[in-house]
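Atoms considered below: every heavy atom in the structure, side chains included; atoms not considered: hydrogens, waters and symmetry mates. Count residues from 1 along the sequence. What you see is a predicted model, and the numbers here were worked out from it, not measured in a lab.
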Amino acid sequence: FGGRELSAGQKLKKTALVMQNVDRQLVMPTVLDELAEAWPGGRPDLKKLSAELSAWGLGQLAGRHPQSLSGGEKQRLALAAALNKKSELLVLDEPASGLDGRNLALAARAFNQAATHKAVLMITHDLDLLALTSPHEVKLTKTNF
């Protein structure tokens, strides 16, 4: 990173990740706690957390267990947490999974905003998402290997 090797802990601090299966990364007891855990500089005030959850359409679910959410709600929660983490690299593996058109557009705007101050690496098959975001793409085909 910047020409130097990083320890595993340093890499973890500099990177935010949304996995293809977000069930494996939602571990906190409530939706609110899940977002707060990723917040830069520690837990912010409840007003800021609530506003962020509302922006993702999750405000009314703050007290629920993340594993009780629908697939799209889980995806939006994982995206909100990753996007709010103070990181220099955001890795998104199939971030559109479970998102309808409105939430896909919301996520695309958030990814574009994030790309103004961090590197965003997105792995996706979703051509609609690519059309809304990526100025650069690498297409992998059978002939690449």
List for me each residue that meets side-chain hydrogen bond (donor to acceptor under 3.5 Å, both in side chains) alongside [X], sequence neighbours excluded, and say none if there are none.
| X | result |
| --- | --- |
| Arg64 | Ser68 |
| Gln67 | Lys74 |
| His125 | Glu94 |
| Lys14 | Glu88 |

Under 4.5 Å between side-chain heavy atoms, counting indirect links through other Ile/Leu/Val/Met/Phe/Trp/Tyr residues: same cluster for [X] and [Y] or not?
| X | Y | value |
| --- | --- | --- |
| Leu106 | Leu127 | yes |
| Trp39 | Val31 | yes |
| Leu89 | Leu17 | yes |
| Leu26 | Leu69 | yes |

Using only atom types and a distance under 3.5 Å, with no angle test, would you say the side chain of Gln20 pairs donor to acceptor with the backbone of Asp93?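 No; zero donor-acceptor contacts below 3.5 Å.
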Would Leu79 and Leu92 count as a side chain to side chain contact (heavy atoms under 4.5 Å, CB included) here? Give the steps. CA-CA 9 Å; Leu79 290 171; Leu92 304 165; 3.9 Å; yes
Work out which heavy atom in Arg76 is nearest to a heavy atom in Gly57; give both atom names and the distance.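 Answer, listing the atom of Arg76 first, then Gly57: NH2-O, 3.5 Å.
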Write down the atom of Leu99, the atom of Gly72, and the distance for their closest heavy-atom approach.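 Residues Leu99 and Gly72, closest heavy atoms: CD2-O, 4.0 Å.
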Would you please test Ile123 and Val91 for side chain to side chain contact (heavy atoms under 4.5 Å, CB included) and show each step? CA-CA 8 Å; Ile123 301 107; Val91 179; 4.3 Å; yes
Output all residues satisfying side chain to side chain contact (heavy atoms under 4.5 Å, CB included) with Thr133, sequence neighbours left out; order by chain, then residue number.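 Ala108, Phe111, Asn112, Met122, Leu129.
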Taking only residues two or more places apart in sequence, or in another chain, which ones meet Ala16 in a side chain to side chain contact (heavy atoms under 4.5 Å, CB included)? Ala82, Lys85, Ser87, Leu90
One should read off an interatomic distance between Asp126 CG and Leu104 CG, to the nearest 0.5 angstrom, of 5.5 Å
Euclidean distance, Glu73 CD relative to Leu61 CG, rounded to 0.5 Å: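 Result: 5.0 Å between the selected atoms.
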Would you indicate whether Glu37, at its atom CD, is surrounded by more than 12 heavy atoms from other residues, nucleotides or ligands within a distance under 6.0 Å?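 It does not: Glu37 CD has 12 such atoms or fewer within range.
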Apart from Leu12 itself, what residues make up its hydrophobic cluster when side-chain heavy atoms of I, L, V, M, F, W and Y under 4.5 Å apart count as a link, directly or indirectly?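 Reading the cluster by chain and number, Leu12 sits alone, since nothing else belongs.
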Taking only residues at least two apart or on different chains, which pairs with a member in residues 97-124 satisfy salt bridge (Lys or Arg N to Asp or Glu O under 4.0 Å)? none
Hey, can you pull the donor-acceptor pairs under 3.5 Å for the side chains in residues 46-55, sequence neighbours left out?
{"unit_1": "Ser50", "atom_1": "OG", "unit_2": "Leu46", "atom_2": "O", "d": "2.9"}
{"unit_1": "Glu52", "atom_1": "OE2", "unit_2": "Trp56", "atom_2": "NE1", "d": "3.1"}
{"unit_1": "Glu52", "atom_1": "OE2", "unit_2": "Asn84", "atom_2": "ND2", "d": "3.0"}
{"unit_1": "Ser54", "atom_1": "OG", "unit_2": "Ser50", "atom_2": "O", "d": "3.1"}

Show your working on side chain to side chain contact (heavy atoms under 4.5 Å, CB included) between Gln75 and Val18 and close with a plain yes or no. CA-CA 8 Å; Gln75 190 73 17; Val18 176; 4.0 Å; yes
